[in-house]
Amino acid sequence: MVSDTDSQLKALDEITRISKQVPYFMDKLALSGINNFNPVGLEIFQVNFGKLCNQACKHCHVNAGPSHTEIMDRRTMEYCLEAVNKHNIPVVDITGGAPEMNPNFRWFVKECRKLDKRVIVRCNLTIFFSGDEYNDLPVFFAENRVEVVASLPFYSADRTDRVRGKGVFDASVRGLQMLNANGYGRNGTGLVLNLVYNPSGAFLSAPQKQLEEEFKRELYKGYGIVFNNLYTMTNMPVSRFLDYLMRSDNYVAYIENLVNAFNPVAAMGAMCLNMISVNWDGYLYDCDFNQMLDLKVSQNRNNHISNFDAEFILNRNVKVSQHCYGCTAGAGSSCGGSTA
Amino acid sequence: MEKTYYNAEDLKKFADIGDYQKEMADKFFDWYGEVFNDGALSGKEKGLIALAVAHVVQCPYCIDAYTTDCLRNGYSEQQMMEAVHVGAAIKGGAILAHSVQMMNKVKNLTL
């Protein structure tokens, strides 16, 4: 398994030698006339609360699971709050693992809301049923006006369960119904419920709008579920999914597909140009995927939340490798869906 | 030279057919692209038809390409297999329908 960062980076480097169709990502940018791939702003502050999760999905780039102990402590969260407050960063995007399992999760959300930040929580839905202490999360979310981004690989049980485990689809449906019952996704409430789709294998997503229409039709017809937007995300060739690609002999063809679908417009809308990503241990990255490859924003003291320097962050060079083709293929891919 | 008649890598060379007859190849690829655009049928529906036809004409390249296309477009495995059955039914039915010709000939030739 290519789980350690060195093996992953080596595999991403070697692909340029294995396939003539895969240039280095930076070279591809330059060939497309993009010579300046630097931040344009800092609107999104993404916080990864750690690898602890109630699920262990096959495609998970975080390699998260129930046995992990790496979670963000309260002091690191305090540094995060100081940073978003001091530098007027409007959006706090909380992810994991299952971030709700962090004992300081609710405190952090409330503190962000006190600062009047837009708070996004990336929720796997099944967490609501993973213990009594999580049953009231939909109520907590609604009370704190949290924007929920929920993962749902597909609108059918077989394909969802194949990726996320047996019974996950049924639990996800119940979770979405609980969110709907608390006003999420319903007109006039202002409570936003967005779903995230990622392909259940080594292929790219259909257009976001087409899939959104199908998800809305099928989930309403089958289960009475409503939601606001569907975000399509490309499976990134890192961590568990990279391992799957290599084991299934799909690695080269998959990266070639990403390269052939390279879209410079999607590249210019890449999320890394407008965000910073904080790992559970406080280190700073350009995105959640760079976290998994341990590509920190720098090797100096500015790479930790305890020394957060917005000026440095805005003027940094974004760290890229061949996994970045995942965000620039077709209509693009980001934590907020398509970018082009 | 490959030692097999079919090689998955050859699919990437499809565009090279223009090397020997560019004008016709250009016309073919333009037309091909147009066929699969959304029209009275959606591009998604056309992909499922293409999957069935790919099986009928037994083109391994087309089967690879349109299996991927159908997965990408959200078709379930059951839907894809039903489409293949439609192709098989037409192919099988065509064979059996031709047996009428055999029966006609038998009747013509026998006392």
Side-chain angles (χ1 to χ4, degrees), chain A residues 18-22 59 152-163 169 195 197-219 221-222 230 232-235 245 248-261 329-331 333 338, chain B residues 2 4 6-19 25-26 29-30 32-52 54-55 59-85:
Chain A
I18 296 169
S19 172
K20 289 176 187 165
Q21 293 183 47
V22 184
H59 66 284
L152 189 68
F154 206 57
Y155 51 73
S156 68
D158 59 343
R159 204 165 284 182
T160 298
D161 288 359
R162 213 179 303 158
V163 175
F169 181 76
L195 301 189
Y197 159 88
N198 56 287
S200 53
F203 52 94
L204 305 186
S205 171
Q208 185 165 280
K209 187 165 170 47
Q210 174 193 316
L211 275 178
E212 181 179 292
E213 286 170 6
E214 289 176 19
F215 266 70
K216 284 190 169 173
R217 185 181 65 237
E218 296 300 322
L219 290 177
K221 189 172 74 179
L230 180 79
T232 54
M233 287 184 73
T234 302
N235 287 316
L245 289 173
S248 62
D249 200 23
N250 278 307
Y251 179 50
V252 176
Y254 186 75
I255 303 289
E256 286 176 348
N257 281 342
L258 295 178
V259 173
N260 291 335
S333 176
S338 297
Chain B
E2 289 295 329
T4 55
Y6 288 120
N7 178 357
E9 289 294 307
D10 284 347
L11 182 55
K12 294 175 193 166
K13 302 175 189 166
F14 191 13
D16 296 351
I17 65 167
D19 290 353
D26 287 347
F29 285 119
D30 285 350
Y32 192 100
E34 185 69 27
V35 164
F36 283 92
N37 282 342
D38 284 337
L41 293 171
S42 66
K44 175 178 172 173
E45 290 166 328
K46 290 173 183 176
L48 190 63
I49 294 170
L51 179 70
H55 282 77
C59 170
Y61 305 115
C62 311
I63 292 172
D64 268 10
Y66 286 98
T67 299
T68 306
D69 184 78
C70 286
L71 281 171
R72 175 177 176 272
N73 274 311
Y75 282 116
S76 68
E77 288 83 340
Q78 290 86 347
Q79 288 172 315
M80 290 158 64
M81 186 56 85
E82 284 185 23
V84 173
H85 272 282

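Worth knowing before you read on, the calculation uses all heavy atoms, side chains too, and leaves out hydrogens, waters and symmetry mates. In what follows, chains are A, B, ... by sequence order, proteins preceding strands, each numbered from 1.
For B:Glu9, no part lies near chain A; criterion is any non-hydrogen pair under 4.5 Å. Contacts between A:Ser205 and chain B at a heavy-atom distance below 4.5 Å involve the backbone alone (N, CA, C, O).
Atom CG of B:Asn37 has more than 12 heavy atoms from other residues, nucleotides or ligands within 6.0 Å. Annotation for B:Lys12: atom NZ counts as buried by contact number, over 12 foreign heavy atoms lying within 6.0 Å.
Closest heavy-atom contact between B:Asn73 and A:Gln210: OD1-NE2, 3.0 Å. Counting all heavy atoms, side chain and backbone alike, B:Glu77 lies closest to A:Asp158 at OE1-OD2, 4.1 Å.
The structure places CD of B:Gln79 at 9.0 Å from OG of A:Ser156, a figure rounded to the nearest 0.5 Å. We find the CG-CZ distance between A:Asn257 and B:Arg72 to be 10.0 Å, quoted to the nearest 0.5 Å. Between B:Ser76 atom OG and A:Tyr155 atom OH the span is 8.0 Å, to the nearest 0.5 Å.
Contact check for A:Arg159 versus B:Leu71: side-chain heavy atoms found under the 4.5 Å cut-off.
Partners of B:Phe36 by ring-ring contact (aromatic ring centres under 6.0 Å, His included), not counting sequence neighbours, listed by chain and number: B:Tyr32, B:Tyr66.
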